Amino acid sequence: MVKLVSACVLALAACQPVLADGMQYSPYRPHRYYLPPERHVIEVVQPPYSGNFIINGTRFTAKTAACTRWAAGERIKLIAGDWNGRCVDAVFYNVYLHSTCEMWCRW
């Protein structure tokens, strides 16, 4: 009987560091969180109606005058190029105006 009690005490002493962090672990996850799709917008047009845009903190310059109607805050999608400006040129689609614009990247 003494051996059984001492074995239980030894087992509890060995498991104590495992339970020392105090975290509660759950065998199931009651909620799953889903992130919405990315929504990119034109951050800055400076000077207004100039074709000089800041998107994702990167400068882009319009190749044609068709993009001068674009304004800050309008949703855009990337068709070709790179969001971070690591390209020669990029093509963006303006969701609000339903038009595309070719731009030069600042790479």
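FYI, side chains are in, hydrogens and waters are out, and symmetry mates aren't considered; it's all heavy atoms of this structure. Predicted model, so just to flag it, every value in this text is computed and none were measured.
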Has Tyr93 got more than 12 heavy atoms of other residues, nucleotides or ligands less than 6.0 Å from its OH?
-> yes

Identify the two heavy atoms, one from Gly85 and one from Cys105, that lie closest to each other, and give their separation to 0.1 Å.
-> O-CB, 3.6 Å

Trp83 and Thr58: CA distance, side-chain angles, deciding distance, side chain to side chain donor-acceptor pair (under 3.5 Å) verdict = CA-CA 8 Å; Trp83 281 113; Thr58 305; over 6 Å; no

Point-to-point distance, once rounded to the nearest 0.5 Å, from CD1 of Ile55 to CG of Asn84 | 11.5 Å

From CA spacing to verdict: side chain to side chain donor-acceptor pair (under 3.5 Å), Gln46, Asn52 = CA-CA 6 Å; Gln46 191 173 21; Asn52 296 322; over 6 Å; no

OG1 (Thr61) and CH2 (Trp104) are apart, to the nearest 0.5 Å, by 8.0 Å

How far apart are the C-alpha atoms of Leu97 and Trp70, what are their side-chain angles, what is the distance that settles it, and do they pass the side chain to side chain contact (heavy atoms under 4.5 Å, CB included) test?
-> CA-CA 8 Å; Leu97 296 175; Trp70 290 21; 3.5 Å; yes

Side chain to side chain contact (heavy atoms under 4.5 Å, CB included) between Met103 and Val91, intermediate numbers included | CA-CA 6 Å; Met103 299 186 190; Val91 179; over 6 Å; no

What are the two closest heavy atoms between Pro47 and Ser50, and how far apart are they?
-> O-OG, 2.6 Å

Would you indicate whether the side-chain heavy atoms of Glu74 and Val41 approach each other to under 4.5 Å?
-> no

For the pair Lys77 and Val95, evaluate side chain to side chain contact (heavy atoms under 4.5 Å, CB included) and give the outcome as yes or no after the intermediate values.
-> CA-CA 7 Å; Lys77 293 182 180 180; Val95 176; 4.1 Å; yes

Contact check, side chains of Ile42 and Ile76, non-hydrogen atoms, under 4.5 Å = yes

Look up atom SG in Cys101 and atom CZ in Phe60, then write down how far apart they are to the nearest 0.5 Å.
-> 11.0 Å

Arg75 side chain near Tyr96 side chain, heavy-atom distance below 4.5 Å = no

Say whether, by atom type as modelled, one donor and one acceptor occur between the side chain of Glu43 and the main chain of Asn56 under 3.5 angstrom.
-> yes

CE of Met1 to OG of Ser6, rounded to nearest 0.5 Å, is 11.0 Å

Answer whether the closest heavy-atom distance between the side chains of Thr100 and Asn94 falls below 4.5 Å.
-> no

Does Phe53 have its ring centroid less than 6.0 Å away from the ring centroid of Phe92?
-> no

